Peer 1: 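The following block contains the structure, expressed as structure tokens.
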Amino acid sequence: MSDEPIIRFHGAAGAVTGSCHLLEWRDQRVLIDCGMFQGSKTEKELNYRPFPFQTSQIDAVILTHAHIDHSGLLPKLSKAGYEGPIYATQPTADLCSIMLPDSAHIQESEVEHLNRRNERRGRDSVEPIYTAEDAAVALTLFRPIDLEVWQQATQSIRFRLWNAGHLLGSASVEIEIATPDRPLRLLFSGDIGPSHKLLQFDPKAPADFDYVICESTYGDRERLETSDTARRAALMAEVRAANHHDGALIIPSFAVERTQELLADLVYLMDTKAVDTCPIIIDSPLATRASEIFGRHARRMQNGQLLSKALHAKNVRFTQTVEQSKAVDFIRGFHIVIAASGMCEAGRIRHRLKNWLWRDNGTVLLVGYQAAGTLGRILEDGATTVRIQGDEITVRARIRKLEIYSGHADGTELLAWVKARQPIRSGVFLVHGEEAALSGLTQRLTSILADDRIITPHLDSAFKLTRDAAIDVSEARALRLEPLKAGHHDWHNTFQSFILELQAELQNAASDKERGVVLRKLKRALAGAD
């Protein structure tokens, strides 16, 4: 048992999903976030493995916000035996009350479809990570708390939450550990929102820490001007360009907050005659329920009145049932569909894409971060053919990207946020970012911190938090995932790309004879590999 605190990075280390940080001191253990891994199949497989810690030893969980990459494994945690409190703001608890059951429903549905295929193929059946019942149990553990009020997590660890400006209810976590001499002070950024975010006030947090754990999602990027006027002008341009007779603008969007921001801006543009009024369909039961929660908390939000007006606009429709969703395929005339999920990995957006990607009068507008290995990233990277639910789809629709709606601060904003936390005596850990983003933010931070004070942990690495510096103690633990595999395409992505390229090569061959030549070359290559 160490007399100095240890921090373990069990997620969002070298990648942007699966946020999970374990803080240990003596016999006390506090978990900050317990998120689901997204992205490549290799990363998502981690969701099915046992936790790399004893759940019975965890004293408390502090949740920064409701997004699934931060909260999505809480039902698995309680299923594994955790019975302690989950501290979060009231809006975060409210959002989790719909997001965690929805996550369970998606898993149960996908596993049901997979097991039908496995049965036909003679393969073993699989089980979901957790069920709706498990999610319901986890929700009973939530303990809503107010911002900026000290709470006692354990006998010697106290904390308070600060607005992170990222999502309704999102928070940074200030922690004090009552070590000898003086408390050790830490700050977990959570996800930091950008300036000029439509529905959120700017991030807020104190200064003077020993260690700061900072997200890095867009650490290597400079976003264009992000005023309300600039954001709406960019959206207006995309809507106008997509407006074709019998066409559609399909927007894969995170159901919680991104959908509500887009809806508020679209209705504003239509009310002010900046774009033609057309049907706006919110094709996501989760987004519908989330919108109701946002409506209840409108007074907490910046520009809450604009959102309230948009939610009741006559041209806005919310689909609930499967039949209502299927009916969207029969809409005539230009229309806009906003559907989850934002990275195109699950939910009704898969059907919308299947129906529109092959049409040249369709436009797909990506408005959020697309993790490596997701369908959204594959489309963003310019794929001409993709596979959805086992079908090969040729991409003829326009694929567009609009980063101005990002929920994350860019590199300059992150640097300013860290700078405002000074003095930072011992070190900054950079998490929640892919390789380029981590490198970019590291470079920026060298203007205010020494190189050896900036640390980029890998998955399951651990550090002893001394007064002077962080000491790497992770070599004693086996890694669940090689550092180079986090935040990257994996062999599943490469295999799917290869199959699509092979099919294209065979189709483009001039004759069956040439196709035979291609296949014989492939066989010889495989034989040579043996």
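Model, not experiment: these values are computed from the prediction.
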Peer 1: Are R467 and D181 close enough for a salt bridge, meaning some N to O gap below 4.0 Å?
Peer 2: no
Peer 1: Under a 4.5 Å cut-off applied to non-hydrogen side-chain atoms, are I58 and F51 in contact?
Peer 2: no
Peer 1: Identify the heavy atoms of V367 and P252 that sit nearest to each other, and give their distance.
Peer 2: CG2-O, 3.7 Å
Peer 1: Spell out, as yes or no, whether a donor-acceptor pair under 3.5 Å connects the side chain of E434 to the backbone of S216.
Peer 2: no
Peer 1: Are the side chains of T374 and Q38 in contact, using a 4.5 Å heavy-atom criterion?
Peer 2: no
Peer 1: More than 12 heavy atoms of other residues, nucleotides or ligands under 6.0 Å from CD of Q57: yes or no?
Peer 2: yes
Peer 1: For L402 versus A234, what's the shortest heavy-atom pair and its separation?
Peer 2: CD1-CB, 3.7 Å
Peer 1: Answer whether the closest heavy-atom distance between the side chains of P285 and D102 falls below 4.5 Å.
Peer 2: no
Peer 1: Nearest 0.5 Å please: distance from the OG atom of S97 over to the CG atom of L95.
Peer 2: 7.5 Å
Peer 1: Who pairs with D59 by side-chain hydrogen bond (donor to acceptor under 3.5 Å, both in side chains), at least two apart in sequence or on another chain?
Peer 2: none
Peer 1: Using salt bridge (charged side-chain N to carboxylate O under 4.0 Å, His left out) as the criterion, list what pairs up with D265, not counting sequence neighbours.
Peer 2: R231, R232
Peer 1: Can we say R258 and E261 salt-bridge, meaning some charged N sits less than 4.0 Å from an Asp/Glu carboxylate O?
Peer 2: yes
Peer 1: So, the side chain of T272 versus the backbone of L269: is there a donor-acceptor pair under 3.5 Å, distance only?
Peer 2: yes
Peer 1: Looking at residues at least two apart in the chain, or sitting in another chain, which of them share a ring pair (Phe, Tyr, Trp, His ring centres under 6.0 Å) with Y87?
Peer 2: F159
Peer 1: Nearest 0.5 angstrom please: T466 OG1 to I6 CD1, how far?
Peer 2: 11.5 Å
Peer 1: Taking atom types as modelled and ignoring hydrogens, do the side chains of Y130 and S78 form a donor-acceptor contact shorter than 3.5 angstrom?
Peer 2: no
Peer 1: Tell me, please, which residues at least two apart from T217 pass side-chain hydrogen bond (donor to acceptor under 3.5 Å, both in side chains).
Peer 2: E215, H408, H432
Peer 1: Can you list every pair that meets side-chain hydrogen bond (donor to acceptor under 3.5 Å, both in side chains) and has a residue in residues 437-452, with sequence neighbours left out?
Peer 2: E222-R444
Peer 1: Show me the donor-acceptor pairs within less than 3.5 Å that the side chains of residues 139-148 make with the rest of the protein, sequence neighbours left out.
Peer 2:
unit_1 : atom_1 : unit_2 : atom_2 : d
T140   : OG1    : V137   : O      : 2.5
R143   : NH1    : T140   : O      : 3.0
R143   : NH1    : L141   : O      : 3.2
E148   : OE2    : K204   : NZ     : 3.4

Peer 1: Are there over 12 heavy-atom neighbours, none belonging to Y268, within less than 6.0 Å of that residue's OH?
Peer 2: no
Peer 1: Are any side-chain N or O atoms of S461 and backbone N or O atoms of H458, one a donor and one an acceptor, separated by less than 3.5 Å?
Peer 2: yes
Peer 1: Side chains of T154 and D27, heavy atoms from C-beta outward: is any pair under 4.5 Å?
Peer 2: no
Peer 1: After noting the C-alpha distance and the side-chain angles of S195 and E413, does the key distance pass the side chain to side chain donor-acceptor pair (under 3.5 Å) rule?
Peer 2: CA-CA 8 Å; S195 59; E413 291 167 325; 2.8 Å; yes
Peer 1: Using only atom types and a distance under 3.5 Å, with no angle test, would you say the side chain of S291 pairs donor to acceptor with the backbone of A287?
Peer 2: yes
Peer 1: What I'd like to find out is whether the side chain of M99 reaches to under 4.5 Å of the side chain of I68, using heavy atoms alone.
Peer 2: yes
Peer 1: Is atom CD of E83 surrounded by more than 12 heavy atoms (other residues, nucleotides or ligands) closer than 6.0 Å?
Peer 2: no
Peer 1: Quick one: side-chain hydrogen bond (donor to acceptor under 3.5 Å, both in side chains) partners of R182, sequence neighbours excluded?
Peer 2: D210
Peer 1: Okay, side chain of K76, backbone of N47: is any donor-acceptor separation there less than 3.5 Å?
Peer 2: yes
Peer 1: When rounded to the nearest 0.5 angstrom, what is the spacing between CG in L262 and OH in Y405?
Peer 2: 5.5 Å
Peer 1: Between V431 and S19, does a side-chain contact (heavy atoms from CB on, under 4.5 Å) hold up when you go through it step by step?
Peer 2: CA-CA 9 Å; V431 297; S19 288; over 6 Å; no
Peer 1: Might you point out which heavy atoms bring A436 and D220 nearest each other, and give the distance in Å?
Peer 2: O-CB, 3.4 Å
Peer 1: Indicate whether any N or O donor in one side chain lies under 3.5 Å from an N or O acceptor in the other, for D94 and H297.
Peer 2: yes
Peer 1: Does K401 pair with E380 as a salt bridge, N-O distance under 4.0 Å?
Peer 2: yes
Peer 1: Name all residues meeting the ring pair (Phe, Tyr, Trp, His ring centres under 6.0 Å) criterion together with Y369; count only those two or more places apart in sequence or in a different chain, and write none if there are none.
Peer 2: Y218
Peer 1: Of all heavy-atom pairs between A470 and F429, which one has the smallest distance, and what is that distance?
Peer 2: CB-CZ, 3.6 Å
Peer 1: Are any side-chain N or O atoms of Q107 and backbone N or O atoms of I129, one a donor and one an acceptor, separated by less than 3.5 Å?
Peer 2: yes
Peer 1: If only atom types and distance count, is the side chain of Q422 paired as donor or acceptor with the main-chain N or O of V418 below 3.5 Å?
Peer 2: no
Peer 1: Quick check: does any side chain N or O of N303 sit under 3.5 Å from a backbone N or O of L198, one acting as donor and the other as acceptor?
Peer 2: yes
Peer 1: By side-chain hydrogen bond (donor to acceptor under 3.5 Å, both in side chains), which residues pair with H196, not counting sequence neighbours?
Peer 2: none
Peer 1: Please identify each residue that fulfils salt bridge (charged side-chain N to carboxylate O under 4.0 Å, His left out) with R185, with sequence neighbours left out.
Peer 2: E174, E176
Peer 1: Please identify each residue that fulfils salt bridge (charged side-chain N to carboxylate O under 4.0 Å, His left out) with K419, with sequence neighbours left out.
Peer 2: none
Peer 1: Main chain of A255, side chain of E257: is a donor-acceptor contact present, judged purely on distance under 3.5 Å?
Peer 2: no
Peer 1: Any donor and acceptor pair, going by atom type alone, linking the side chain of D460 with main-chain N or O of R8 inside 3.5 Å?
Peer 2: no
Peer 1: Between atom CG of D3 and atom CH2 of W25, what is the distance when rounded to the nearest 0.5 Å?
Peer 2: 6.5 Å
Peer 1: Does any donor atom in the side chain of T412 or D410 lie under 3.5 Å from an acceptor atom in the other side chain?
Peer 2: no
Peer 1: Looking at H65, H166, H21, which hits ring pair (Phe, Tyr, Trp, His ring centres under 6.0 Å) with H70?
Peer 2: H65
Peer 1: With a 3.5 Å cut-off and no angle check, do the side chains of T288 and E292 form a donor-acceptor pair?
Peer 2: no
Peer 1: Does R425 pair with D208 as a salt bridge, N-O distance under 4.0 Å?
Peer 2: yes
Peer 1: Return the minimal non-hydrogen interatomic distance between A205 and R421, and the atom names on each side.
Peer 2: O-NH2, 2.8 Å
Peer 1: Rounded to the nearest 0.5 Å, what separates atom CD1 in I338 from atom CD1 in I349?
Peer 2: 10.0 Å
Peer 1: First locate atom CG of L286, then atom CD1 of I106, and finally report the distance between them rounded to the nearest 0.5 Å.
Peer 2: 7.5 Å
Peer 1: Between A88 and T92, which heavy-atom pair has the shortest distance, and what is it?
Peer 2: CB-CG2, 3.7 Å
Peer 1: I'd like to check the salt bridge (charged side-chain N to carboxylate O under 4.0 Å, His left out) partners of K44; sequence neighbours left out, ordered by chain and number.
Peer 2: E345
